Amino acid sequence: MNKRAFVTKEQIEEIVKQYPTPFHLYDEKGIRENAAKVKEAFSWNPGFKEYFAVKATPNPFLINILREYGCGCDCSSKTELMLCEAIGVVGHDIMFSSNDTPAEDYELAGKLGGIINLDDITHIDYVEQILGKLPETMSCRYNPGGVFTLSNGIMDNPGDAKYGMTTKQIFEAFRIMKEKGVKHFGIHAFLASNTVTNEYYPQLAKQLFELAVQLEKETGADVAFINLSGGVGIPYRPEQEGNDILAIGEGVHKVYDEILVPAGMGDVAIYTEMGRFMMGPYGALVTQAVHEKHTYKEYIGVDACAANLMRPAIYGAYHHITVLGKEDAPCDHIYDVTGSLCENNDKFAIDRALPEIEKGDYLFIHDTGAHGFSMGYNYNGKLRSAELLLQEDGSVKMIRRKEEPKDYFATFDCFDFWEKLKG
Ligand SMILES: *Cc1c(COP(=O)(O)O)cnc(C)c1O
């Protein structure tokens, strides 16, 4: 499949007059079309809700777009909860899926009335202590252990993951919480990441539905929802075929009708916590080629670096690159595309076949809309870029300004930095 950029060179040349590169650019039209499809895919389930994984793209403007499609927020920390509170996402529109959780985080989750998804059985007492009393609705994160395999060979290793409770623990947790007055229960599991197959959710759902039936039977707890969490992937590589969310929704519907309905559990709500699938393809890192270097390899240096997009550096993740204006030129040059960190893994691409790149060309690094900007950091004194929204009418709105040196130095309260500089 040919991966096309959602902007042209001409559009970028306009945008950079106001906002210099690098920046993350998001495509409002793409976000909306996809969110509408997700809603449709699960419309057979009246209680369905997608809790967008805030950590993927913690930007209030983007989250507010998703809210128009009924989305809530999945938070993992106190600051993410604060972001939600600030935009009016409260109560059961919050799913709090944390682990190794500080007390102050649970305190705020409780105060906002969010649904607490426990990662560990010892957190029952911990949350009770912090909040005084367990909320009426509680969720538990499940980890069946072992390996999780799909027919296309994708697999993940839950047995090696730090998350969730064992089978024995989750039964015990439901019993304890029921005794403590909890009325409604949820089950959550995240067993494989970035799955590019329509099979993952249905297979996970089957496992969780069977567990839910057993849990209700053996503990008498009311299972109100089943949370399939994240893990639905996107085709980062041009040869990959993307997921069909309508087929995924139908696949979950089918196992729902096979397992939950006959068990008299046809009122269970399905929740999801997708991050990557909701936002990944609709963001891009736009950067300019500023340097070329010919040594043992051919290097193109750009004005972004791993501090703006960490995935290639830490996971060797593939991000497709389009050289804007050269979409149809032959890819007859082999380059390493590098950032300026003093780190040899600061490369957006290694041995990548691309059209000939000249200084001044704009590179569109695809699929940075999730786990892109948000993983940014300040190594080498690098500052985070702006985030821009390409709106449906073609205009651009800044939805986060770029960092300035004052932001980098803001935490030196104990040292009068600016005085020293002026001195
Ligand atoms: C990261 C995360 C998600 C989102 O994962 P994606 O791969 O972006 O869909 C959802 N739920 C939890 C608990 C997470 O940690």
Side-chain angles (χ1 to χ4, degrees), residues 26 31 34-35 37-38 41-42 49-59 62-63 66 71-81 83-84 93-101 105-106 109 114-120 123 138-143 148 150 154-158 161-165 186-198 200-201 204-205 208 225-236 240 242-243 245 248-249 252 270-283 309-311 314-315 317 319 367-375:
Y26 300 90
I31 294 168
N34 183 63
K37 241 197 242 175
V38 168
F42 290 92
K49 198 178 219 12
E50 149 71 5
Y51 288 89
F52 176 65
V54 171
K55 73 166 195 268
T57 326
N59 188 299
L62 301 177
I63 292 171
L66 295 179
C71 297
C73 288
D74 166 39
C75 297
S76 62
S77 67
K78 182 177 174 182
T79 40
E80 289 182 359
L81 288 165
L83 190 154
C84 285
D93 277 352
I94 295 176
M95 181 68 60
F96 188 59
S97 292
S98 60
N99 68 95
D100 202 2
T101 314
D105 294 29
Y106 274 141
I115 301 175
I116 293 177
N117 181 32
L118 293 180
D119 182 66
D120 183 31
H123 281 191
M138 289 291 291
S139 175
C140 290
R141 184 165 184 166
Y142 176 54
N143 184 336
F148 186 87
L150 291 158
I154 291 184
M155 65 169 237
D156 226 311
N157 214 342
K162 65 174 177 171
Y163 308 106
M165 304 181 191
I187 305 170
H188 167 284
F190 190 153
L191 302 187
S193 196
N194 191 29
T195 56
V196 189
T197 157
N198 296 333
Y200 171 63
Y201 263 3
L204 171 68
L208 295 185
F225 64 86
I226 290 171
N227 184 344
L228 303 175
S229 191
V232 178
I234 59 169
Y236 285 100
Q240 283 178 304
N243 287 328
I245 196 68
I248 290 173
V252 175
I270 300 299
Y271 294 164
T272 56
E273 294 174 340
M274 292 180 279
R276 198 183 312 272
F277 189 79
M278 299 307 290
M279 213 55 96
Y282 317 111
L309 175 67
M310 198 188 206
R311 299 184 69 257
I314 56 168
Y315 308 129
H319 279 267
D367 301 321
T368 71
H371 314 294
F373 177 92
S374 62
M375 277 192 190

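Order of listing sets the numbers, starting from 1, for every ligand and every atom in it. The model shown is predicted, which means the values in this text are computed figures rather than measured ones.
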Considering only heavy atoms of [X], which atoms of ligand 1 have at least one such atom less than 4.0 Å away?
X: His371; answer: 6 (P), 8 (O)
X: Ala53; answer: 3 (C), 4 (C), 10 (C)
X: Lys55; answer: 1 (C), 2 (C), 3 (C), 14 (C), 15 (O)
X: Arg141; answer: 13 (C)
X: Gly275; answer: 4 (C), 6 (P), 8 (O), 9 (O)
X: Ser229; answer: 10 (C), 11 (N), 12 (C)
X: Asp74; answer: 10 (C), 11 (N), 12 (C), 13 (C)

Is the distance between the ring centroids of Phe190 and Tyr163 under 6.0 Å?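 No: the rings miss the under 6.0 Å criterion.
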What about His188 and Tyr142, are their ring centers closer than 6.0 Å?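 His188 vs Tyr142: aromatic centres not under 6.0 Å.
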Evaluate Glu273 for polar contact with ligand 1, using N/O atom pairs at a separation under 3.5 Å.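 Between Glu273 and ligand 1, an N or O pair is found under 3.5 Å apart.
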Close approach, Gly231 and ligand 1, non-hydrogen under 4.0 angstrom: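 Within the 4.0 Å threshold, so yes.
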If the contact criterion is a heavy-atom separation under 4.0 Å, does Ala370 count as touching ligand 1?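 Not so, Ala370 does not reach ligand 1.
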Going by the closest heavy atom to atom 6 (P) of ligand 1, which one wins out of Arg276, Met278, Met279?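 It is Arg276 that holds the nearest heavy atom.
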Quick one about Arg311 and His319 (side-chain donor to acceptor, distance below 3.5 Å, no hydrogens or angles considered), yes or no?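 The criterion, which ignores hydrogens and geometry beyond distance, is satisfied for Arg311 and His319.
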Mind checking salt bridge (charged side-chain N to carboxylate O under 4.0 Å, His left out) for Lys55 and listing every partner two or more places apart, or none if nothing turns up?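 Partners of Lys55 by the salt bridge (charged side-chain N to carboxylate O under 4.0 Å, His left out) criterion come out as none, since no residue qualifies.
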Candidate pair Met95 and Phe225, rule side chain to side chain contact (heavy atoms under 4.5 Å, CB included), full reasoning: CA-CA 12 Å; Met95 181 68 60; Phe225 64 86; 4.0 Å; yes
Do Met165 and Asn143 have side chains that approach each other closer than 4.5 Å (heavy atoms only, starting at C-beta)?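 A side-chain contact under 4.5 Å is absent here.
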Ligand 1-proximal atoms of Phe277, by part, heavy-atom distance under 4.0 Å: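 Neither part.
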